[in-house]
Amino acid sequence: MKNEPESFSIDDLERVKIEPWDGIRNYQVRNFIRDKMSVGDKAYFYHSSCKIPGIVGMMEICSDAYPDHTAWNPEEHYYDSKSDPENPVWLMVDVKFISKLDEPITLQELRSHPELENMRILQRGNRLSITPLDKHHWDYIQKLYAVS
DNA sequence: GCCAACGTTGGC
DNA sequence: GCCAACGTTGGC
């Protein structure tokens with residue numbers, strides 16, 4: 001799950017422990033959190049659009065998908081007139097902090113492992129802020145995680 | 001700041 | 001339904 005650390009970082013999550021992952025405004029990503037995610041699933045937190053992009057920690061999904069109310073408020077940056085309480089187009093999930101890496105697993109490092117080359121987040125042109133991970137990719141990164 | 005890649009929008 | 005134009009993402 002990607003986020004720009006300037007808006008919300010792993011340190012922020014460590015501080016608040018649980019956070020609604022709001023602001024999803026892409027249908028593929030919405031369908032993914034709605035249909036494929038379950039409470040108890042784990043996710044890597046990835047910092048994007050920053051000096052050293054990469055995996056910085058781990059978290060757990062701790063809610064089902066529910067309406068993203070920030071889409072209803074014209075004051076909000078992610079306001080979207082298509083969505084309202086009667087017809088909530090956009091959804092979010094709550095995530096819970098698990099751990100933070102002392103040293104991030106950088107994008108550069110991820111790319112250096114041929115075992116990971118098919119990971120969605122590493123594909124050219126991938127723009128989805130949340131991407132599913134194959135189990136073998138998750139497990140492989142777990143090994144990198146253990147030594148970071 | 002640049003630019004490739006992609007999703008969305010809207011005219012037709 | 002097509003597709004050009006536009007906005008956004010995100011690495012570099």
Side-chain angles (χ1 to χ4, degrees), chain A residues 1-16 19-37 41-61 63-134 136-145 147-148:
Chain A
M1 298 175 74
K2 283 193 290 203
N3 208 51
E4 299 181 17
E6 280 190 24
S7 67
F8 187 80
S9 70
I10 188 70
D11 294 317
D12 295 322
L13 183 60
E14 182 170 25
R15 187 154 11 88
V16 300
E19 176 78 2
W21 199 270
D22 61 11
I24 293 169
R25 298 293 180 269
N26 171 288
Y27 288 103
Q28 285 183 69
V29 174
R30 180 205 64 182
N31 294 349
F32 181 62
I33 67 164
R34 184 188 62 194
D35 304 333
K36 305 286 191 212
M37 266 186 178
D41 284 354
K42 288 176 184 157
Y44 293 120
F45 195 134
Y46 179 97
H47 281 177
S48 64
S49 293
C50 57
K51 224 165 193 170
I52 306 176
I55 293 172
V56 292
M58 199 191 304
M59 54 203 177
E60 182 177 324
I61 310 306
S63 82
D64 290 324
Y66 62 101
D68 182 347
H69 57 81
T70 67
W72 308 337
N73 181 357
E75 309 284 307
E76 289 275 354
H77 178 246
Y78 286 111
Y79 172 68
D80 184 349
S81 59
K82 288 196 297 293
S83 186
D84 61 55
E86 271 69 54
N87 179 32
V89 174
W90 302 116
L91 305 173
M92 59 188 174
V93 293
D94 293 344
V95 298
K96 184 168 68 182
F97 177 82
I98 294 180
S99 62
K100 177 194 168 183
L101 285 166
D102 295 330
E103 295 294 331
I105 305 170
T106 64
L107 175 60
Q108 190 185 15
E109 155 128 42
L110 291 170
R111 287 203 191 284
S112 75
H113 293 272
E115 293 87 345
L116 300 177
E117 68 182 355
N118 293 326
M119 246 169 58
R120 294 253 322 243
I121 200 173
L122 299 183
Q123 299 313 300
R124 186 176 174 77
N126 169 63
R127 299 177 51 185
L128 302 182
S129 59
I130 298 176
T131 45
L133 264 176
D134 292 344
H136 66 279
H137 289 146
W138 173 273
D139 292 342
Y140 189 86
I141 295 172
Q142 278 296 96
K143 285 187 243 162
L144 303 178
Y145 203 99
V147 297
S148 290

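Just so we're on the same page: letters track the sequence lines, and every chain starts at 1.
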- Query: So, Asp12(A) versus Ser9(A): side-chain donor-acceptor pair below 3.5 Å or not?
  - Reply: yes
- Message: Hydrogens and angles aside, do Trp21(A) and Asp94(A) bring a side-chain donor and acceptor to less than 3.5 Å of each other?
- Response: no
- If only side-chain N and O atoms of Lys82(A) are considered, is one of them under 4.0 Å from the OP1 or OP2 phosphate oxygen of dT9(B)? yes
- Specify the separation, in whole Å, of atom CD of Gln108(A) and atom P of dG11(C). 13 Å
- Which whole-number value in Å describes the distance from Leu122(A) CG to dA4(B) C1'? 17 Å
- Message: For Phe8(A) and Phe45(A), take the angle between the two ring planes, folded into 0 to 90°, and tell me which bin it lands in: parallel under 30, tilted 30 to 60, perpendicular over 60.
- Response: parallel
- Task: In whole angstrom, give the distance that lies between atom CG of Asn31(A) and atom P of dG7(B).
- Result: 13 Å
- Would you say the ring centroid of Trp90(A) lies under 6.0 angstrom from that of Tyr27(A)? yes
- Separation of Tyr78(A) atom OH from dT8(B) atom C1', in whole Å? 16 Å
- Item | For atom CG of Leu110(A) and atom P of dC12(C), their distance in whole Å | 11 Å
- Distance in angstrom units between Arg124(A) CZ and dA5(B) C1', rounded: 8 Å
- Message: I want to verify a distance call: between dC12(C), dG10(C), dT8(B), whose nearest atom is closest to the Tyr27(A) side chain?
- Response: dT8(B)
- Query: Atom CD1 of Ile52(A) to atom P of dG10(C): distance rounded to whole Å?
  - Reply: 18 Å
- Task: Could you please name the option among dG11(C), dG7(B), dT9(B) that lies closest to any side-chain atom of Pro53(A)?
- Result: dG11(C)
- Which nucleotide in the list dT9(B), dC12(C), dG10(C) gets nearest to the side chain of Leu107(A)? dC12(C)
- Touch class at under 4.0 angstrom, heavy-atom based, for Glu4(A) against every strand present: nothing
- Query: Among dG10(C), dG7(B), dT9(B), which is the nearest nucleotide to the side chain of Asn26(A)?
  - Reply: dG7(B)
- Picking from dC12(C), dG10(C), dG7(B), which would you name as closest to the side chain of Arg111(A)? dC12(C)
- Task: Take the protein atom NE2 of His47(A) and the nucleotide atom P of dC12(C), then report the distance between them rounded to whole Å.
- Result: 17 Å
- Donor-acceptor under 3.5 Å (His47(A) side chain, Ile10(A) main chain): yes
